[in-house]
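Per chain, numbering begins at 1; letters A, B, ... match sequence-line order.
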Amino acid sequence: MSVDISVNGEVTTAYINGEIDHHSAASIRTAIDNAAELNMPSLLILDFTRVSFMDSSGIGLVMGRYRNLSRRGAKIHITGTSPQIYKVMQLSGIEKIATIDECKK
Amino acid sequence: MKIINKFSMTMSSRSANEGFARATVAAFAAQLDPTLEEINDIKTAVSEAVTNCIVHAYREEIGKIYISGEITDTNVIKIKIRDKGCGIEDIETAMQPKYTSVGGERAGLGFTVMQCFMDSIHVRSCVEKGTTVILTKKISHRYISNG
């Protein structure tokens with residue numbers, strides 16, 4: 001598991017790699033929070049293209065980032081989800097707090 | 001309905017074992033020739049059940065998680081995940097979406113995912129004795145033509 005960060009002006013993108021579960025979520029959270037604190041983005045893009053599995057720990061991860069970022073008006077966008085990840089996302093009603101692209105086939 | 005294969009294993013309630021548990025169950029389920037979606041549903045549900053054991057049942061300790069599975073000649077997989085942890089006082093409340101008894105960043109969706117991704121879920125619990133979750137799913141028959 002790892003997170004690659006790219007910054008383009010006020011947009012910070014976190015490319016998450018590997019599997020997201022309760023075990024891996026803590027280190028992903030730290031990596032994203034450190035980048036968000038440093039760059040103060042107005043938009044945080046979470047890219048799941050290289051995520052091979054996600055359970056509801058991933059929902060907790062998005063909700064937690066939303067709580068931190070929404071305090072200063074920043075938004076979250078989710079992209080690159082597989083059908084499995086998209087299914088978990090849809091179940092949670094995550095589109096109420098973040099925009100999400102259709103899943104890749 | 002006849003059981004055609006079964007397995008059982010015991011593991012420590014360490015979070016590093018979450019991936020091991022879902023991969024093992026997925027490998028066992030593969031005998032039924034599931035679709036990718038079906039195998040992902042099973043992996044996700046198992047991951048939630050095992051995480052509940054680690055986060056809730058054994059929140060202050062490392063205990064044992066007992067996982068067993070069986071498949072039948074009717075293409076049904078049944079997975080039992082059992083712990084000897086703190087137990088659930090009110091199962092109905094615990095199964096409500098967004099309910100979580102721990103803080104942090106748990107979404108409270110574990111049981112919701114299990115209910116939606118499997119055909120059935122049965123939960124039995126006794127406070128201070130432990131919890132058993134039984135998940136079942138019928139795998140669709142796929143007929144492959146040999147031309």
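A:Met63 and B:Phe111 sit in two unconnected hydrophobic clusters of ILVMFWY residues. Membership requires side-chain heavy atoms under 4.5 Å apart, directly or through other members. Under a hydrophobic-cluster definition in which Ile, Leu, Val, Met, Phe, Trp and Tyr are linked whenever side-chain heavy atoms come within less than 4.5 Å, directly or via other members, B:Tyr66 and B:Phe20 are assigned to different clusters. Connection of B:Val133 to B:Val76 is not established within any shared hydrophobic cluster, with ILVMFWY side chains joined at heavy-atom distances below 4.5 Å, either directly or through further cluster members. The hydrophobic cluster containing A:Val3 also contains A:Ile76, counting ILVMFWY residues as joined when their side-chain heavy atoms lie under 4.5 angstrom apart, directly or transitively. With hydrophobic clusters built from ILVMFWY side chains whose heavy atoms lie under 4.5 angstrom apart, A:Phe53 does not share a cluster with A:Met1.
Identified under the side-chain hydrogen bond (donor to acceptor under 3.5 Å, both in side chains) test for residues 112-127 of chain B, with sequence neighbours left out: B:Ser120-B:Thr136, B:Ser125-B:Thr131.
Using a 4.5 Å cut-off between non-hydrogen atoms, the part of residues 91-99 of chain A that approaches chain B consists of A:Leu91, A:Ser92. Of all residues spanning residues 24-52 of chain A, those with a heavy atom less than 4.5 Å away from chain B's heavy atoms are A:Arg29, arranged by number. The stretch residues 9-21 of chain A places A:Glu19, A:Asp21 near chain B, each with some heavy atom under 4.5 Å from a heavy atom of that chain.
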Trace of the side chain to side chain contact (heavy atoms under 4.5 Å, CB included) decision for A:Lys87 with B:Asp41: CA-CA 9 Å; A:Lys87 197 171 171 181; B:Asp41 287 351; 2.8 Å; yes
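Counting non-hydrogen atoms of other residues, nucleotides and ligands closer than 6.0 Å to CD of B:Glu89 gives a total of 12 or fewer. Counting heavy atoms of neighbouring residues, nucleotides and ligands inside a 6.0 Å radius, atom CD of B:Glu61 exceeds 12 of them. The environment of A:Asn8 atom CG is sparse: at most 12 non-hydrogen atoms of other residues, nucleotides or ligands sit within 6.0 angstrom. In this structure, B:Lys138 places its NZ atom where more than 12 heavy-atom neighbours from other residues, nucleotides or ligands lie under 6.0 Å away.
Between B:Glu48 and A:Ser56 there is a side-chain heavy-atom pair separated by less than 4.5 Å. Considering only heavy atoms from C-beta on, A:Asp55 stays 4.5 Å or farther from B:Val113 through its side chain.
For B:Arg22, the part sitting under 4.5 Å from any heavy atom of chain A is the side chain, from C-beta outward, and nothing else. Residue B:Thr51 touches chain A through its side chain alone, counting heavy-atom pairs closer than 4.5 Å.
Heavy atoms only, all atoms of each residue included: A:Gly60 and B:Ala107 are closest at N-CB, 3.9 Å.
Formation of a donor-acceptor pair under 3.5 Å by the B:Glu18 side chain with backbone atoms of A:His23 is found in this model.
Residue with the most contacts toward chain B among A:Gln84, A:Met54, A:His22: A:His22 (heavy-atom pairs, distance under 4.5 Å).
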